[in-house]
Amino acid sequence: MGNPTSRPTHRPRTTVLGTGLIGTSWTALLLARGHRVTVHDPRPDTGRTLRADLARLVPGLADLGLTLDPDTDDLTVADDLTTAVRGADAVQENGPERLDLKQQLWADVEAAAPADALLLTSTSALTATEVSTRMSDPGRLVVGHPFNPPHLVPLVEVVPGRDTSPATVDRVVEFYTALGKHPVVLRREVPGFVANRLQSALFREAVHLVREGVVDVAGLDDVVTSSIGPRWAAAGPFRSFHLGGGPGGMAHFLTHLGPGMADGWEHLGRPVLDEATTSDLVAQSEQATDGRDVADLARERDTRQAAVLAALAEQ
C-alpha cells in the first residue's frame with residue numbers, strides 16, 4: 001500500500017461525487033493521504049451522515065498505519081455540483097450504474113471543472129467511451145475502478161477510453177499510486193473489466209455447486225479461504241500454475257495438465273438466479289454468519305484484509 005505515513009508536499013484538492021459505500025471509502029483514503037476533499041451527493045442528509053460513516057472506517061485505516069480524523073477541516077460538503085468541482089485537481093465519481101445519468105453528469109462536470117483536472121469514474125461495468133459521449137473532450141474521462149473497499153484493497157483498474165491519451169493515463173496512474181493504490185492499466189475496454197469478470201466467473205460456479213448440493217455456502221467459503229484465497233494472495237493464477245509445472249514451468253503445466261483442465265470447462269455450471277436459488281443463497285448466508293450484523297462482519301473482514309496486506313508488504 002506504499003508508505004503509510006507519507007503526505008504529499010502539494011495538498012491536492014479532490015472532489016468525490018457520490019457518498020455510498022465506494023464514495024465514502026474513497027473519501028476516507030483521500031483524507032488519510034492528506035488530500036483536501038470536497039464531496040457532493042444529491043441526498044439531503046449527506047452532511048449529517050458522512051462523518052459518522054467515515055468514523056466506522058478509522059480502525060481499518062489504522063491497521064494500515066493511516067490516520068483519519070472524521071471531523072477534519074479538510075472535508076467539505078458542497079450542495080451543488082458546480083461548487084463541488086470548481087478548483088479540483090481530480091474528480092472521482094461513484095454514482096449509480098445508469099448510463100444516461102453518468103453521461104449527463106460528466107458533461108456537467110467537464111463544463112465546471114478546471115481544464116487540467118483528472119476526471120475519473122469508478123463505474124464497475126460501463127466503459128469510459130460510453131459514459132463520455134456528451135463531453136466536449138471525451139478523452140479526458142478515465143475509468144478508475146477500485147475493488148471494494150477502496151480504502152483497504154490496493155487494486156484500481158485504470159481503463160482509458162477510446163480517445164484517451166497516454167499522457168492522461170500516466171497522470172492517472174501517478175495519482176492512484178500516490179494514494180498507495182496498485183493501479184493496473186487495461187489494454188482495452190471490456191464490460192466488467194478484469195477483477196469483476198474473474199469474481200463473477202468464480203461466483204457463478206460457486207452458486208452452481210451450492211445449488212447442486214455438492215457443498216453448502218459455509219463450506220464453499222471455507223474451501224476458498226483455506227486454498228485458492230491464500231494461494232492467490234501470494235501468487236495469482238498464472239504464476240501459481242507456472243509454479244505448478246515444476247521446473248518446466250507453465251509449458252510443462254499446460255502440456256501435461258492443461259488438456260484435462262480444459263475438458264473440465266465443459267462441465268462448469270450455468271446456474272440461474274431465480275427466486276428459489278436466491279432464497280436458498282440468502283438463507284444459507286444468514287445461517288453461515290449466525291445472523292451477525294453486516295457491519296460487524298465487515299469490520300472483521302477489514303481487520304483480516306489489513307493483516308493479509310501487512311504480511312504481504314513485509315515480504
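Not measured: the values here are computed from a predicted model. Note: hydrogens, waters and symmetry copies are ignored here, and every other heavy atom, side chains too, is used.
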A.B. asks: Would you please classify the geometry between the Phe175 ring and the His35 ring as parallel, tilted or perpendicular, with 30° and 60° separating the classes?
C.D. replies: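 Perpendicular, since the angle between the ring planes exceeds 60°.
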A.B. asks: Please check if the number of heavy atoms outside Arg304 that lie under 6.0 Å from its CZ is greater than 12.
C.D. replies: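 Open: at most 12 neighbouring heavy atoms sit under 6.0 Å from CZ of Arg304.
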A.B. asks: Are Val37 and Leu54 co-members of a hydrophobic cluster defined by side-chain heavy atoms under 4.5 Å apart?
C.D. replies: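 Linked within one cluster.
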A.B. asks: Suppose we screen for side chain to side chain donor-acceptor pair (under 3.5 Å). Which residues come up paired with Ser25, at least two apart in sequence or across chains?
C.D. replies: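 Scan of Ser25 (side chain to side chain donor-acceptor pair (under 3.5 Å), adjacent residues dropped) gives His151.
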A.B. asks: My understanding is that only residues two or more places apart in sequence, or in another chain, count here; which of them pass salt bridge (charged side-chain N to carboxylate O under 4.0 Å, His left out) with Arg204?
C.D. replies: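 Testing Arg204 for salt bridge (charged side-chain N to carboxylate O under 4.0 Å, His left out), a comparison that skips the adjacent residues, returns none.
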A.B. asks: Report whether Phe241 and Trp265 are members of the same hydrophobic cluster (ILVMFWY, side-chain heavy atoms less than 4.5 Å apart, transitive linking).
C.D. replies: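 The answer is yes; both residues are in one hydrophobic cluster.
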A.B. asks: Just wondering, more than 12 heavy atoms not from Arg231 lying within 6.0 Å of its CZ?
C.D. replies: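 Counting neighbours around CZ of Arg231, 12 or fewer heavy atoms of other residues, nucleotides or ligands fall under 6.0 Å, so no.
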A.B. asks: What residues, two or more places apart in sequence or in another chain, satisfy salt bridge (charged side-chain N to carboxylate O under 4.0 Å, His left out) together with Arg239?
C.D. replies: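 Expected list: none.
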A.B. asks: Would you say that more than 12 heavy atoms from the other residues, nucleotides or ligands in this model lie under 6.0 Å from the CD of Glu97, or not?
C.D. replies: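 Counting other residues, nucleotides and ligands, CD of Glu97 exceeds 12 neighbours.
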A.B. asks: Does this structure show an ion pair linking Glu189 with Arg162, if we count only N-O contacts that are shorter than 4.0 Å?
C.D. replies: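 The answer is no: the pair does not qualify as a salt bridge.
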A.B. asks: If you draw a 6.0 Å radius around CD in Glu300, do more than 12 non-hydrogen atoms from other residues or ligands fall strictly inside?
C.D. replies: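 Yes, CD of Glu300 has more than 12 neighbouring heavy atoms, counting only those of other groups under 6.0 Å.
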A.B. asks: Tell me whether the count of non-hydrogen atoms from other residues, nucleotides or ligands lying under 6.0 Å of CG in Leu21 goes above 12.
C.D. replies: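 No, because the 6.0 Å sphere around CG of Leu21 holds 12 heavy atoms or fewer from other groups.
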A.B. asks: Could you list the residues that satisfy salt bridge (charged side-chain N to carboxylate O under 4.0 Å, His left out) with Arg36, not counting sequence neighbours?
C.D. replies: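 Result, salt bridge (charged side-chain N to carboxylate O under 4.0 Å, His left out) vs Arg36: none returned.
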A.B. asks: Is a side-chain donor or acceptor of Arg51 paired with a backbone partner of Asp69 at a separation under 3.5 angstrom?
C.D. replies: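 Between the backbone of Asp69 and the side chain of Arg51 there is no qualifying donor-acceptor contact (under 3.5 Å).
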A.B. asks: Check whether the side chains of Gln104 and Asp100 place a donor and an acceptor atom closer than 3.5 Å, and report yes or no.
C.D. replies: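 No, no side-chain donor-acceptor pair sits under 3.5 Å.
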A.B. asks: Step through the shown structure and confirm whether more than 12 heavy atoms of other residues, nucleotides or ligands are within 6.0 Å of CG on Asp274.
C.D. replies: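 Yes, CG of Asp274 has more than 12 neighbouring heavy atoms, counting only those of other groups under 6.0 Å.
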A.B. asks: In terms of heavy-atom contacts, does CG of Asn148 have more than 12 from other residues, nucleotides or ligands at under 6.0 Å?
C.D. replies: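 Enclosed: over 12 neighbouring heavy atoms sit under 6.0 Å from CG of Asn148.
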A.B. asks: Around atom CD of Glu174, are there more than 12 heavy atoms of other residues, nucleotides or ligands at under 6.0 Å?
C.D. replies: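 No.
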A.B. asks: Just so I know, are the side chains of Phe253 and Met261 near enough to count as touching, which here means a heavy-atom distance under 4.5 Å?
C.D. replies: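 Sidechains of Met261 and Phe253: in contact.
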A.B. asks: For Asp137, enumerate each residue passing the salt bridge (charged side-chain N to carboxylate O under 4.0 Å, His left out) test, keeping only those at least two apart in sequence or located in another chain.
C.D. replies: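 For Asp137, no residue satisfies salt bridge (charged side-chain N to carboxylate O under 4.0 Å, His left out) once neighbours in sequence are set aside.
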A.B. asks: What are the two closest non-hydrogen atoms of Trp232 and Ser240, and how far apart are they?
C.D. replies: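 For Trp232 and Ser240, the tightest heavy-atom pair comes out as CD1-OG, 3.8 Å.
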A.B. asks: Listing request: all side-chain hydrogen bond (donor to acceptor under 3.5 Å, both in side chains) pairs with a residue in residues 54-65, at least two apart in sequence or in separate chains.
C.D. replies: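 Of all non-adjacent pairs touching residues 54-65, those that pass side-chain hydrogen bond (donor to acceptor under 3.5 Å, both in side chains) are Asp53-Arg56.
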